[in-house]
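Here's the structure, in structure tokens; my notes come after.
Keep in mind that the numbers below use all heavy atoms, side chains included, and drop hydrogens, waters and symmetry copies.
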Amino acid sequence: MTDKNDNAKPPEQAAPDDLADFVELLVPDMNGVPRGKTIESMSYDRKELPHLAAAIFFQTLTGNYAKAMHIYNEKDEDVLLKPDWSTCCPVPWRAENHVQVICESLDKNGTRCEFDPRNVLKRVLQRYAEEGLEPVIAPELEFYLIKPVTDPVKPIETAQGLDQHTDFGGEAFSIDALDKFSDFLGELHEMCAATNIELAAVVHEMGPAQIELNVAHGDALGRADRLFLLKRMVKACAFRHGVTATFMAKPLEGLPGSGLHLHSSLYKNGKNIFTLNDGQAPPELKHFIGGLQKYLPDAFALISPNSNSYKRFVPGLSAPINLEWGYDNRTAGFRVPFGADKNGRVENRISGADANPYLFIAAHLACGLLGLLHGTEATEPSETNAFEMPADFPENLGQALRRLKACDALGELLGEAFVETFISVKLNEIHHASRDITPWERKYLGALV
């Protein structure tokens with residue numbers, strides 16, 4: 001991440017005069033899944049916003065609806081979709097007459113819908129603006145290419161490359177390993193160019209057929225939007241090549257999980273206040289890290305939102321296991337990368353790839369802001385292997401949800417109604433999953449008990 005770029009989001013834009021024939025109106029649900037509708041541009045009324053059922057924000061991964069809907073949306077009402085035309089871009093895997101646009105959801109009074117994850121991030125960014133601060137971030141997204149899942153009982157298998165051989169693993173950073181997926185990556189690069197998603201780097205990660213995409217740094221909302229669209233596009237591109245892209249945090253036993261890392265710096269009056277002093281973190285950066293150390297355990301459900309997320313935290317398999325921080329220390333949860341002082345920043349290495357981009361970024365920034373506002377002190381930087389230090393994350397999603405519910409400071413920043421709804425959605429998913437008979441139960445309990 002270098003100096004702050006000039007890629008700030010433009011002022012609010014009107015709908016293009018030459019709008020494509022079909023427009024996909026998108027909003028993220030609680031899990032970051034794109035929801036919305038496709039409309040014909042001929043039917044688009046520039047004076048009246050399109051409607052969509054507000055129930056999408058109460059919908060679980062399984063298609064159920066959380067109990068919070070009975071509290072906040074008893075009549076199953078609509079929200080209004082206000083397109084953010086600055087996000088309008090082609091849908092590269094469809095015909096040329098299709099575009100997609102991310103929308104802001106509003107209630108009938110024109111107020112931002114508090115359950116919309118994108119609006120939650122906007123709420124946090126508004127608090128930054130009130131302090132005269134502007135976060136600049138750069139996400140790094142990992143995923144596996146796998147064979148299509150036709151039987152959910154069987155283990156997931158990684159995809160084969162152009163040579164029709166499955167990676168053996170241990171090919172981290174191998175250019176030749178990337179070449180095996182050059183057809184997929186070539187088309188993905190074309191799609192990114194068409195949708196204004198700037199990839200700073202593409203890396204083959206530690207697992208077989210595991211790829212990392214680095215998105216160029218910029219404003220927080222703009223990067224979240226690009227990450228939201230990128231995950232959708234990776235899935236569509238993989239489908240076109242006969243494979244599946246999974247952002248599951250831990251899809252394969254014994255192999256590294258997939259993370260969603262975030263580099264963040266912070267600007268005030270055009271200057272990066274995380275600028276290092278002869279390689280050492282200034283007080284502002286230490287307070288930000290202190291906020292992450294203190295509050296991220298309470299926000300953990302937002303960055304590790306599924307029961308599978310917690311299986312990724314295995315010592316020695318690339319994912320951190322605690323809240324330690326250090327200079328150029330990849331074993332720690334928070335890393336201050338080596339580089340020029342002016343590029344001072346912190347990398348949050350904890351979140352899994354399954355996190356909702358908007359909620360992950362909102363949680364990260366909220367925790368850091370609380371640290372800044374309260375002058376929270378960070379621990380001493382770790383100069384050793386942090387994998388050998390005690391684990392201090394919540395052990396499972398249920399524990400993480402209880403911590404989120406109990407944290408008033410995060411509730412105030414993120415919105416109490418949102419927090420209650422998010423928890424309700426996740427509790428529904430936990431209940432649904434608890435009724436499944438797992439392969440482990442069939443293997444061991446079926447024969448031995």
Ring pair (Phe, Tyr, Trp, His ring centres under 6.0 Å) involving Tyr295 - partner list, sequence neighbours excluded
none

Is the NZ atom of Lys67 crowded by more than 12 outside heavy atoms at less than 6.0 Å?
no

For Pro394 versus Gln399, what's the shortest heavy-atom pair and its separation?
CA-OE1, 3.1 Å

What pairs with Lys294 under salt bridge (Lys or Arg N to Asp or Glu O under 4.0 Å), at least two apart in sequence or on another chain?
none

Residues Arg226, Glu198; criterion salt bridge (charged side-chain N to carboxylate O under 4.0 Å, His left out); working and verdict
CA-CA 9 Å; Arg226 284 163 173 79; Glu198 311 93 334; 3.2 Å; yes

With a 3.5 Å cut-off and no angle check, do the side chains of Gln210 and Ser258 form a donor-acceptor pair?
yes

Under the 3.5 angstrom rule, does the side chain of Asn119 hit a backbone N or O of Ser105 as a donor-acceptor pair?
yes

Quick check on Lys235: does its NZ atom have over 12 non-hydrogen neighbours (other residues, nucleotides or ligands) under 6.0 Å away?
yes

Can any side-chain N or O of Asn329 pair as donor or acceptor with the backbone N or O of Ser382 at less than 3.5 Å?
yes

Taking side-chain hydrogen bond (donor to acceptor under 3.5 Å, both in side chains) as the test, write out the residues that go with Glu114, two or more places apart.
none

Within 6.0 angstrom of Glu441 CD, more than 12 heavy atoms from elsewhere:
yes

Is Glu77 atom CD crowded by more than 12 heavy atoms from other residues, nucleotides or ligands, each under 6.0 Å away?
yes

Between Val346 and Trp325, does a side-chain contact (heavy atoms from CB on, under 4.5 Å) hold up when you go through it step by step?
CA-CA 9 Å; Val346 61; Trp325 78 280; over 6 Å; no

Could you give me the CA-CA distance, side-chain angles and deciding distance for Leu145 and Ile211, then say whether side-chain contact (heavy atoms from CB on, under 4.5 Å) is met?
CA-CA 8 Å; Leu145 293 175; Ile211 295 170; 3.9 Å; yes

Under the side chain to side chain donor-acceptor pair (under 3.5 Å) rule, what do Gln293 and Thr379 come out as? Steps first, then yes or no, please.
CA-CA 8 Å; Gln293 290 181 317; Thr379 61; 3.0 Å; yes

Is there side-chain contact between Met233 and Thr195, with heavy atoms separated by less than 4.5 Å?
yes

Checking Tyr65 now: which residues fulfil ring pair (Phe, Tyr, Trp, His ring centres under 6.0 Å) with it, not counting sequence neighbours?
none

Show, in sequence, the C-alpha distance, side-chain angles and deciding distance for His364 and Phe288, and conclude whether the ring pair (Phe, Tyr, Trp, His ring centres under 6.0 Å) test is met.
CA-CA 10 Å; His364 170 87; Phe288 190 93; 5.5 Å; yes

Here the gap from Asn348 atom CG to Leu365 atom CG, rounded to the nearest 0.5 Å, amounts to 10.0 Å

Would you say that Ile303 contacts Ile350 through its side chain, given a criterion of any heavy-atom pair below 4.5 Å between the two side chains?
yes

Donor-acceptor check, side chain of Tyr144 to backbone of Leu252, threshold 3.5 angstrom: yes or no?
no

Ser318 side, atom OG; Leu255 side, atom CG - distance, nearest 0.5 Å
10.5 Å

Heavy-atom side-chain contact between Leu229 and Gln100 under 4.5 Å
yes

Please walk me through it: do Ser174 and Asp176 pass side chain to side chain donor-acceptor pair (under 3.5 Å)?
CA-CA 5 Å; Ser174 168; Asp176 293 338; 5.0 Å; no

Run the salt bridge (charged side-chain N to carboxylate O under 4.0 Å, His left out) test on Glu416 and Lys405 for me, step by step, so that the C-alpha distance in whole Å, both residues' side-chain angles and the decisive distance to 0.1 Å come before the verdict.
CA-CA 9 Å; Glu416 293 179 359; Lys405 184 176 182 178; over 6 Å; no

Between Asn31 and Gln59, is the side chain to side chain donor-acceptor pair (under 3.5 Å) condition met? List the steps.
CA-CA 9 Å; Asn31 284 293; Gln59 188 173 355; over 6 Å; no

Please find the pair of heavy atoms, one from Thr421 and one from Phe57, that lie closest to each other, and give the distance.
CG2-O, 3.8 Å

Sequence neighbours excluded, the answer for side-chain hydrogen bond (donor to acceptor under 3.5 Å, both in side chains) partners of Asn97 is Asp21

Just verifying a value: how many Å separate Leu401 CG and Asp298 CG, rounded to the nearest 0.5 Å?
12.0 Å

Name all pairs fulfilling the ring pair (Phe, Tyr, Trp, His ring centres under 6.0 Å) condition that reach into residues 230-257, sequence neighbours left out, sorted by first residue then second.
Phe143-Phe247

Val23 vs Tyr44 side-chain heavy atoms within contact, under 4.5 Å:
no

If the condition is side-chain hydrogen bond (donor to acceptor under 3.5 Å, both in side chains), which residues does Arg335 pass it with, not counting sequence neighbours?
Asp328, Glu347

Would the number of heavy atoms belonging to other residues, nucleotides or ligands and lying under 6.0 Å from CZ of Arg330 be above 12?
no

With sequence neighbours left out, what residues match Lys250 under side-chain hydrogen bond (donor to acceptor under 3.5 Å, both in side chains)?
none

Side chains of Val425 and Leu61: does their closest heavy-atom pair fall under 4.5 Å?
no

Between His261 and Glu212, is a side chain to side chain donor-acceptor pair (under 3.5 Å) present by the stated rule, with each step listed?
CA-CA 10 Å; His261 300 171; Glu212 178 184 275; 4.8 Å; no

Side chain proximity check, Phe115 to Val120, heavy atoms < 4.5 angstrom:
no

In terms of side-chain heavy atoms, does Tyr72 have a donor or acceptor partner in Glu420 at a distance below 3.5 Å?
yes

Applying salt bridge (charged side-chain N to carboxylate O under 4.0 Å, His left out), run through Glu24 and Arg94 and close with a yes or a no.
CA-CA 11 Å; Glu24 297 183 1; Arg94 302 204 198 284; 2.5 Å; yes

Could I get the full list of ring pair (Phe, Tyr, Trp, His ring centres under 6.0 Å) partners for Phe334, not counting sequence neighbours?
none

Does Pro390 offer a backbone N or O that forms a donor-acceptor pair with the side chain of Asn322 under 3.5 Å?
yes

Nearest 0.5 Å, what's the CG-CD1 distance between Leu221 and Ile102?
8.0 Å

Among all residues two or more places apart in sequence or in another chain, which pass the side chain to side chain contact (heavy atoms under 4.5 Å, CB included) test with Ala391?
Ile321

Taking side chain to side chain donor-acceptor pair (under 3.5 Å) as the cut-off, I'd like each qualifying pair that reaches into residues 350-360, sequence neighbours left out, listed once.
Asp225-Tyr358, Asn306-Asp354, Ser309-Asp354

With sequence neighbours left out, what residues match Phe313 under ring pair (Phe, Tyr, Trp, His ring centres under 6.0 Å)?
Phe300, Phe393

Go through it in stages, so that I can follow the logic: the residues are Asp84 and Arg118, the test is salt bridge (charged side-chain N to carboxylate O under 4.0 Å, His left out), and I'd like the CA-CA distance, side-chain angles, deciding distance and then a yes or no.
CA-CA 11 Å; Asp84 181 345; Arg118 190 171 187 261; 2.8 Å; yes

A side-chain contact here means heavy atoms from C-beta on lying under 4.5 Å apart; do Ser264 and Pro135 qualify?
no

